[in-house]
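Each chain gets a letter, A, B and so on, in the order the sequences are listed, and its residues count up from 1.
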Protein chains: 2
Amino acid sequence: MERSTRQRRAILHALAQSGRPLRPIEILELGQKEVPGLGLTTVYRNIRQMTADGSLVRVYYPGQPALFELPTGKFLPHFICRSCQQVYYFEEEAPDVPYDPPANFRIESQEVVFYGHCSDCP
Amino acid sequence: MERSTRQRRAILHALAQSGRPLRPIEILELGQKEVPGLGLTTVYRNIRQMTADGSLVRVYYPGQPALFELPTGKFLPHFICRSCQQVYYFEEEAPDVPYDPPANFRIESQEVVFYGHCSDCP
DNA sequence: ATATGTGCAAACTCTTTGCATGGAG
DNA sequence: CTCCATGCAAAGAGTTTGCACATAT
């Protein structure tokens, strides 16, 4: 059973305020403004639990450490340039991919990554 | 300038034989069957160089260590369980996602990751 | 009252780097 | 003969775990 602690509220607050995906260390730093004694371990443990139950979403930029954000319901697609390896975040949402998962797999969200060449790399 | 060494050949051989993306440690283990003294550092250095010049492709799965494979052109969808973090490969190919990229971005391929709960994690 | 949450330190995993030796060209 | 490549050990990030204490319910 989950309890509402000062630490947990500070973590959620940090994520709600920032408006962009945060790294665990950033969550810690923001959270410590509210709860000075907050520890990195606590951040990780809560991130893990929240991600498991869906109240937090893990966003992944290839080659970078994990980022976390509150669920937005949006599917912003990534684009990775094959030449310069730069990662871009396209603003326009990608459509749902129609897909029939194997039995007993429940799809809750999706992420699309496009590969190609960016405007700087012909 | 790149040289053809026993180690480098063993690494490429391991990737060619396996038929699935491999973690660096797996490349090491397979490669050591051919070159017993092969070191993990060498695997990492070669992976890095090959990925930079395109003779190797890095596959990214959120929350998972990096996987590498020889370029295939195929794309199978992946599924990541929010509870156990396990990555599954769905056998059936996902349909192309229709998407209009910003000007001067050329999309050459795509990858889809589904998130949800697997058959073991209700 | 009691089970979950917290903080610290240490352990762990994955990856990179420094340096002397080895081998391809 | 020259460089690039290799292997070892150690360093560095990011993340997890063990344990005693704190606290929400």
Exercise. Would you indicate, yes or no, if C:dG23 has its OP1 or OP2 atom less than 4.0 angstrom from a side-chain nitrogen or oxygen of B:Arg6?
Key: no
Quiz prompt | Side-chain N,O (A:Thr42) to OP1/OP2 (C:dG7) below 4.0 Å | solution = yes
Quiz item: Below 4.0 angstrom from OP1 or OP2 of C:dT15, is there any side-chain N or O of B:Arg23?
Solution: no
Quiz item: Mapping B:Arg45 and A:Ile25 onto DNA chain D by nearest heavy atom, which one lands closer to the 5' end?
Solution: B:Arg45
Quiz prompt | Whole-Å gap separating C1' (D:dT6) and CG (B:Asn46) | solution = 9 Å
Quiz prompt | Integer-rounded Å distance: C:dT13 C1' and B:Glu26 CD | solution = 15 Å
Quiz item: Under 4.0 Å between a Lys/Arg side-chain N and an Asp/Glu carboxylate O for A:Glu26 and A:Arg20?
Solution: yes
Quiz item: In terms of the angle between their ring planes, are A:Phe90 and B:Tyr99 parallel, tilted or perpendicular, with boundaries placed at 30° and 60°?
Solution: parallel
Exercise. Please determine if A:Arg58 and A:Glu111 form a salt bridge, counting it only when a charged side-chain N lies under 4.0 Å from a carboxylate O.
Key: no
Exercise. Check the distance between D:dT23's P and A:Leu38's CG and give it to me in whole angstrom.
Key: 14 Å
Quiz item: Tell me, do B:Arg8 and B:Gln49 make a side-chain contact under 4.5 Å, heavy atoms counted?
Solution: yes
Exercise. Please evaluate the base of C:dA3 for a donor-acceptor partner in the side chain of A:Arg3 within a cut-off of under 3.5 Å?
Key: yes
Exercise. Answer with yes or no whether A:Thr41 presents, from its side chain, a donor or acceptor under 3.5 Å of a partner atom in the base of C:dA9.
Key: yes
Quiz item: For D:dT23, does either OP1 or OP2 sit under 4.0 Å from a side-chain N or O belonging to A:Gln7?
Solution: no
Quiz item: What integer distance in Å separates B:Arg48:CZ from C:dC14:P?
Solution: 18 Å
Practice problem: To the nearest Å, give me how far apart CD (B:Gln49) and P (D:dT6) are. | Solution: 8 Å
Quiz prompt | Nearest-Å distance for atom pair CD1/C1', residues A:Ile47 and D:dT15 | solution = 10 Å
Exercise. Ignoring the backbone of B:Tyr44, work out which of C:dT16, D:dT6, C:dT6 is nearest its side chain.
Key: C:dT16
Quiz item: To the nearest angstrom, how far is B:Leu40 atom CG from D:dG12 atom C1'?
Solution: 15 Å
Self-check item: Any side-chain heavy-atom pair of A:Asp96 and A:Gln110 under 4.5 Å
Solution: yes
Quiz item: Rounded to whole angstroms, how far apart are CD on B:Glu2 and P on C:dG25?
Solution: 11 Å
Quiz prompt | Closest-nucleotide ordering on DNA chain C, the 5'-leading residue of B:Pro24 and B:Thr5 | solution = B:Pro24
